[in-house]
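Sequence lines set the chain letters: A, B, ... in the order given, protein chains first and strands last, and positions in each chain run from 1.
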2 protein chains.
Amino acid sequence: MNLQDAITVLKEKGYKTTGKRKDILEFFASEDGYRPAKDLIVHLEKKYGTISFDTIYRNLHLYYDLGILEKTDLEGEKHFRLSCSHHHHHHFICKDCGKTKEIEVCPMDSASAELSNYEIEDHKFEIYGKCPECLHA
Amino acid sequence: MNLQDAITVLKEKGYKTTGKRKDILEFFASEDGYRPAKDLIVHLEKKYGTISFDTIYRNLHLYYDLGILEKTDLEGEKHFRLSCSHHHHHHFICKDCGKTKEIEVCPMDSASAELSNYEIEDHKFEIYGKCPECLHA
DNA sequence: TTGTAAATAGGAACGATTACGATTTTTAGA
DNA sequence: TCTAAAAATCGTAATCGTTCCTATTTACAA
């Protein structure tokens with residue numbers, strides 16, 4: 001998912017493409033990893049002075065609902081990143097910089113064998129640690 | 001981990017075994033699954049009328065630090081359960097009742113191969129859905 | 001039994017997020 | 001291009017889970 005794809009999705013669904021909506025997408029396009037709302041607020045305040053929480057959270061939710069952003073809960077704070085791709089995968093997440101690396105392994109095939117009478121709705125597999133850059137910094 | 005084990009750990013480490021500490025352990029011993037602080041507060045208020053947040057959260061953290069409780073973040077709320085066992089495993093978590101089922105599969109063996117230059121500190125693998133009881137209720 | 005360190009009470013404060021009425025902006029259609 | 005309706009944003013208050021603070025109470029070792 002890139003900036004242009006996201007704008008296309010927005011228009012297709014009949015949402016308005018406002019300056020702030022584009023700013024938010026540009027922010028995530030320029031970042032490479034999961035970011036909390038806080039970082040986005042700081043970023044937009046540089047340009048606008050102030051920014052309404054409503055604008056931030058409404059659009060984060062909208063983008064998430066539209067599949068433009070992915071979300072994860074890190075220590076009680078929601079973090080977002082541009083949806084990265086098409087095929088199913090998981091993430092390594094750097095605890096220092098938030099950058100991610102895709103993990104191709106998915107344990108659900110073998111795990112679901114242990115859950116024959118259960119209804120599986122969702123799963124989460126994330127690995128946390130330090131990326132090579134942060135390790136040598 | 002059961003009630004008696006937990007009290008033994010408390011005493012060994014020099015912590016006092018107060019009535020409320022026992023109540024909290026009994027609560028988790030009687031429950032079978034992840035519970036939020038809220039549920040514990042409701043439970044203790046039945047007995048005491050009021051209960052200090054401080055008492056709740058201080059003891060949840062203490063038990064977690066001592067390995068008596070396990071913790072997971074579910075939608076921005078921390079949930080706790082008695083530590084269940086010795087060997088490494090993951091959980092299916094029922095979204096309706098919070099009950100858990102141990103999953104023996106762990107994807108880290110194969111996943112770490114994809115992360116040779118990364119420092120792995122932690123990982124999370126959880127499956128969410130409905131348990132057989134909630135499915136047929 | 002008693003001294004004291006630990007635990008609890010009660011409530012204020014905090015950080016992330018949600019909610020809301022008023023105002024502004026986007027955009028479709030005249 | 002102009003305009004009206006719908007949608008988006010603003011500024012701020014409220015909410016929710018959690019943490020923090022000081023005074024008071026309690027467990028337990030001596």
First locate atom CD of Glu45(B), then atom OG1 of Thr50(B), and finally report the distance between them rounded to the nearest 0.5 Å.
7.0 Å
Could you run down nucleotides 21-30 of chain D 5' to 3' and tag each one B, S or - for protein heavy-atom contact under 4.0 Å?
B-----BS--
With nearest nucleotides of DNA chain D determined for His79(B) and Phe53(A) from heavy-atom distances, which residue corresponds to the more 5′ nucleotide?
Phe53(A)
Below 4.0 angstrom from OP1 or OP2 of dA7(C), is there any side-chain N or O of Arg21(B)?
yes
Spacing of Glu75(B) atom CD relative to dC16(D) atom C1', expressed in whole Å:
14 Å
Spacing of Asp23(A) atom CG relative to dT9(D) atom P, expressed in whole Å
10 Å
OP1 or OP2 of dT18(C) sitting under 4.0 Å from any side-chain N/O of Arg58(A)?
no
Please state how far atom NE2 in His61(B) lies from atom P in dG17(D), giving the value in whole angstrom units.
14 Å
Using atom NZ of Lys47(B) as one end and atom C1' of dT8(C) as the other, report the distance to the nearest whole Å.
15 Å
side-chain contact (heavy atoms from CB on, under 4.5 Å) assessment of Ile41(B) paired with Ile51(B)
CA-CA 7 Å; Ile41(B) 291 171; Ile51(B) 184 85; 4.0 Å; yes
Rounded to the Å, how far apart are Leu60(A) CG and dT9(D) P?
12 Å
Which nucleotide wins on minimum distance to the side chain of Lys78(A), given the candidates dG11(D), dT18(D), dT17(C)?
dT17(C)
dist Leu74(B):CG -> His79(B):NE2 (nearest 0.5 Å) comes out at 4.5 Å
Value for CZ (Phe28(B)) from CD1 (Ile68(B)), rounded to nearest 0.5 Å, stands at 11.5 Å
Can you confirm whether more than 12 heavy atoms, excluding those of Tyr128(B), are under 6.0 Å from its OH atom?
yes
Is the phosphate of dG17(D), meaning OP1 or OP2, less than 4.0 Å from a side-chain N or O of Lys38(B)?
yes
Look at the side-chain N and O atoms of Tyr57(A) and state whether any lies under 4.0 Å from the OP1 or OP2 oxygen of dT17(C).
yes
Using 30° and 60° as the class boundaries, would you call the ring planes of His123(A) and Phe125(B) parallel, tilted or perpendicular?
perpendicular
Taking for Gly76(A) and for Tyr48(B) the nucleotide of DNA chain C with the nearest heavy atom, the one nearer the 5' end belongs to Tyr48(B)
Could you state the CD-P distance from Glu77(A) to dT18(D), rounded to the nearest angstrom?
14 Å
Taking the side chain from Glu126(A) and the backbone from Ile93(A), do they hold a donor-acceptor pair closer than 3.5 Å?
no
